[in-house]
Amino acid sequence: MPLTTVTADLALTRGASLFHGLAERNRLAIVRELADGERRVVDLTVALGMPQGTVSGHLACLRDCGLVRGRAEGRQMFYSIAHPELMELLSAAEQLLALTGEAVEICPNYGITSSMRAAPPSEGVEVTPTSTTSTTTTKEEAP
């Protein structure tokens, strides 16, 4: 059943689940890396600067959604894009973003500013509010 029909409740639910699975910046970064070929978790952690647990969790989500697959080789697991159509979808999304431009960025629900408001401060960064503005300072940590 096409996703665009009103009576397609199951198709709409599946479509929403697909986009929800892709609606996270780190997962998109992982998919972008996998577009260049198979990668191990360690390869992704180095390339993306993310902790191993973060990468593994996002890979599990993408795998559970059927978007990536794992191939065991000895004690290592190599991850890749499960369906080339995913890259076609992301290419179409990039074209749509080029058309919508700033409208997506300033969206009050999902735009850049809303995600920045909702995101907790990064590790090692301290946000100190003042009477009129907030100042961000970086803590120096001992090696």
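- Two residues are said to be in side-chain contact when any heavy atoms from C-beta on lie closer than 4.5 Å; Tyr79 and Arg71 fail this criterion.
- Proximity of Leu86 to Val68: side-chain heavy atoms (C-beta onward) are nowhere separated by under 4.5 Å.
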Between Asn26 and Met50, does a side chain to side chain contact (heavy atoms under 4.5 Å, CB included) hold up when you go through it step by step? CA-CA 9 Å; Asn26 291 329; Met50 293 182 210; 3.3 Å; yes
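- Listed for the Asp64 side chain is no donor-acceptor partner under 3.5 Å among the backbone atoms of Cys61.
- The heavy-atom pair separating Cys65 from Gly21 by the smallest distance is SG-CA, 4.3 Å.
- The shortest heavy-atom contact between Ala47 and Glu33 is CB-OE1, 3.7 Å.
- Side-chain N or O atoms of Glu24 include one that pairs as donor or acceptor with a backbone N or O of Arg27 at under 3.5 Å.
- The side-chain heavy atoms of Phe78 and Arg39, taken from C-beta on, include no pair separated by under 4.5 Å.
- Taken to the nearest 0.5 Å, the CG atom of Leu12 stands 11.5 Å off from the CZ atom of Arg14.
- In terms of modelled atom types and a separation under 3.5 Å, the side chain of Arg69 and the main chain of Arg63 share no donor-acceptor contact.
- Of the possible polar contacts, one joining the Thr45 side chain to the Val42 backbone as a donor-acceptor pair under 3.5 Å is found.
- In plain terms, the two heavy atoms of Ala82 and Gly66 that are nearest each other are CB-O, 3.4 Å.
- Leu62 is listed as a side-chain neighbour of Val31, based on a closest heavy-atom distance under 4.5 Å.
- Annotation for Val55 and Ile30: closest pair O-CD1, 4.1 Å, computed over non-hydrogen atoms.
- When side chains are defined from C-beta on, Leu89 counts as touching Leu18, because their heavy atoms get closer than 4.5 Å.
- Between Met87 and Ala35, the shortest heavy-atom contact is CE-CB, 3.4 Å.
- The distance from the CG atom of Leu97 to the CG atom of Leu90 is 10.0 Å, given to the nearest 0.5 Å.
- Formation of a donor-acceptor pair under 3.5 Å by the Ser56 side chain with backbone atoms of Gln52 is found in this model.
- Taking all atoms of both residues into account, the shortest heavy-atom contact from Met77 to Gly70 is SD-C, 3.4 Å.
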